Structure formats: C-alpha cells, structure tokens
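Report on one structure; see the data block that follows.
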Amino acid sequence: MKFATWNVNSLTVRLPQVLDWLAANPVDVLALQELKLTDDKFPHAAFQAAGYESVCFGQKTYNGVALISRAPAQDIVRNIPGFSDDMARVISASFPLATSAADGAPSSVRIVGAYFPNGQEPGSDKFEYKLAWLQGLRAWLRTELVTHPKLILMGDYNITFDDADVWDPEGMRDQIHCTDEERYELGALIALGLADAHRLFPQAPKSYSWWDYRDFGFKRNRGMRIDHILLSQALKPLAKACWIDKTPRKNERPSDHAPVIVELA
DNA sequence: ATGACGCCTAGAAGGCGA
C-alpha cells in the first residue's frame with residue numbers, strides 16, 4: 001500500500017497536476033494541504049471520475065486540507081479535538097489496511113493529514129500560535145495513538161528535523177522552520193512513538209520537499225525538507241520505502257512543494 | 001534586502017507563504 005502527502009498551494013490551480021500525478025502514482029491515500037478553497041468549491045466529481053473518493057476541510061484563501069483515497073474514508077474528524085482553531089489545518093479518517101492482523105481480523109489505518117502553521121518569524125504572534133498548535137496536536141495524538149495504534153501523521157510540517165534538511169544551515173540558523181523550539185516539538189512527536197519514514201531508508205544527500213519559487217531555488221536545489229510522513233510503532237515494521245517525487249516540481253506552474261510517498265507491505 | 005516568486009482577494013496593491 002502507498003500513502004502520500006502533497007502541499008499543492010491552491011487546488012484550484014493545481015487540480016490538473018494532481019490528477020496527472022494520481023494517474024501515474026496510484027496511491028491508496030493522498031493527503032493534500034493548502035487547498036485555498038471552500039468546501040463548496042472542492043472538485044469531488046473530478047476525483048470521482050479518476051476513481052478516487054475525497055473528503056475535505058476547506059477554507060477561503062488560506063489553508064484547507066483533504067484526503068483523496070481509493071476506499072471511502074471512515075470516522076472523519078476535522079481539526080484537533082480539544083484545540084480551538086479558526087483555521088482548517090487537519091483532517092483525519094480511517095481506511096482499510098490490506099495487511100490483516102495476526103488473527104486475520106480486518107484492520108484499518110488511521111490517517112492524519114495536517115498543514116502545520118508556518119510561524120512566519122520567531123517571536124511573532126504567528127510563531128506563538130505555531131507552538132501552541134504543536135502542543136495541542138501532541139496532546140491529542142497521545143490519546144489518538146492509544147485508540148488507533150496504526151497511525152500515519154503526514155503533511156506539511158513547516159519544520160526541519162536538523163541541518164541535513166536545510167540547504168543553507170548556517171543562513172537558516174534559528175530562522176523559521178529551523179528554531180530549537182520548533183524542533184523540540186517535532187522531537188516530542190517522535191517521542192510519542194512515531195518514526196520519520198524518510199530516514200528509515202537510505203536517501204540521497206540534500207533531499208528536500210520544498211524549494212523557494214524565487215531565485216531558481218529548485219534548479220539550484222536550494223530547498224528544505226519540511227513535508228514529512230511519520231509512522232506509528234505498529235506500522236514501522238511494515239515500511240518498505242519512502243521517497244520524495246520531484247517530478248511535479250518540474251511542471252509549468254508547479255507547487256513549491258513536492259509529494260512524499262511511503263510504501264507499506 | 002523594504003528584494004527575488006506565486007497565489008489570494010481585490011478590482012490596486014498588499015498579505016502571506018517558507
């Protein structure tokens with residue numbers, strides 16, 4: 001089975017590219033971020049015609065997330081229960097897992113698709129909101145992992161793990177996406193028993209998931225790895241591969257992010 | 001670097017992203 005995440009930076013603009021990508025990469029679940037459209041504008045029919053179900057949590061202008069899937073989503077939850085938020089950043093649902101349990105009983109996987117706050121600048125109000133949001137996410141996930149031991153948290157985290165995720169570590173030191181406070185929170189998610197799928201496997205050096213539109217960022221590979229797929233303990237043994245697909249970043253009018261894919265046995 | 005690009009709401013130019 002394959003699961004993927006992609007910040008599309010406007011689904012209105014990127015829909016043809018998403019459909020093309022799904023045709024070439026038939027994943028079981030694709031989490032989308034930064035739809036930048038309201039629920040009434042979501043192109044359910046276009047995904048249906050391509051053979052995919054879809055559930056969304058939209059918002060005008062900013063944010064907005066969705067789960068595109070072969071099987072229908074079950075037990076859909078929007079945003080973080082227990083954390084009050086005006087923004088549409090999280091959508092969760094359960095999907096059938098092909099790998100059955102030891103007793104042969106049907107099993108499911110819990111998918112949490114998330115668009116983490118950007119934070120703008122350390123010390124700003126938006127940065128404080130980002131830290132509060134991260135704490136809210138962690139408090140909720142702690143119990144969510146008990147209810148759903150087979151869980152994937154994937155999306156645009158807007159946080160790098162360490163210098164290996166940054167094209168210019170010195171220039172980005174203590175800058176947004178690279179501060180100790182953000183990395184502490186990311187580490188705290190790992191401490192819940194989640195594993196970074198990317199680093200379970202050998203990866204090319206300077207593997208990034210985002211490149212600035214400006215100054216030929218992609219061509220010069222001046223990027224950061226800020227889109228992540230985290231696997232719960234119960235799923236980690238099933239992981240077979242994880243990769244970043246840079247192909248759509250080469251399109252005309254691309255998203256600034258590339259999709260990340262994990263394959264499970 | 002008050003920059004570079006792209007998308008959004010606007011109905012011009014500014015907010016925001018990362």
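Protein chains get the first letters and strands the later ones, always in sequence-line order, with residue 1 at the start of each. The structure presented is a predicted model; accordingly, all values stated were derived computationally and were not measured.
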Taking 4.0 Å as the cut-off, does a side-chain nitrogen or oxygen of [X] come that near to OP1 or OP2 on [N]?
X        : N      : result
A/Asn7   : B/dA18 : yes
A/Arg14  : B/dC7  : yes
A/Tyr115 : B/dC16 : no
A/Gln120 : B/dG17 : yes
A/Ser10  : B/dC8  : yes
A/Lys60  : B/dC8  : no
A/His257 : B/dG17 : no

Position toward the 5' end of DNA chain B (nearest nucleotide), A/Ile226 or A/Leu11: A/Leu11
5'-most by nearest nucleotide on DNA chain B - A/Arg253 or A/Pro117: A/Arg253
Nearest to the side chain of [X] - [options]?
X        : options               : result
A/Asp215 : B/dA4, B/dG17, B/dA18 : B/dA4
A/Tyr62  : B/dG15, B/dA18, B/dT9 : B/dG15
A/Asn158 : B/dA18, B/dC16, B/dC5 : B/dA18

Pair A/Lys36-A/Asn9, side-chain hydrogen bond (donor to acceptor under 3.5 Å, both in side chains): steps then yes or no: CA-CA 7 Å; A/Lys36 297 186 175 179; A/Asn9 185 17; 2.8 Å; yes
Anti/syn call for B/dA4, syn if |chi| within 90°: syn
Between A/His228 and A/Phe161, ring centroids under 6.0 Å: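 Yes, they do, as the ring centres are separated by less than 6.0 Å.
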Expected output: side-chain A/Thr143 to main-chain A/Trp140 donor-acceptor under 3.5 Å: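 Answer holds: yes.
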Separation of atom [atom1] in [X] from atom [atom2] in [N], rounded to whole Å:
X        : N      : atom1 : atom2 : value
A/Lys41  : B/dT9  : NZ    : P     : 8 Å
A/Asn9   : B/dA18 : CG    : P     : 8 Å
A/Tyr129 : B/dA18 : OH    : P     : 12 Å

Salt bridge present between A/Arg138 and A/Glu185 (N-O < 4.0 angstrom):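 Here A/Arg138 pairs with A/Glu185 in a salt bridge, since their nearest N and O are under 4.0 Å apart.
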Note: A/Asp163-A/Arg183 ion pair, threshold 4.0 Å (strictly below): yes
Touch class at under 4.0 angstrom, heavy-atom based, for [X] against every strand present:
X        : answer
A/Glu34  : sugar-phosphate
A/Phe218 : nothing
A/Arg222 : nothing
A/Asp227 : nothing

Quiz item: A/Asn118 side-chain donor-acceptor pair to B/dA18 base, under 3.5 Å: yes
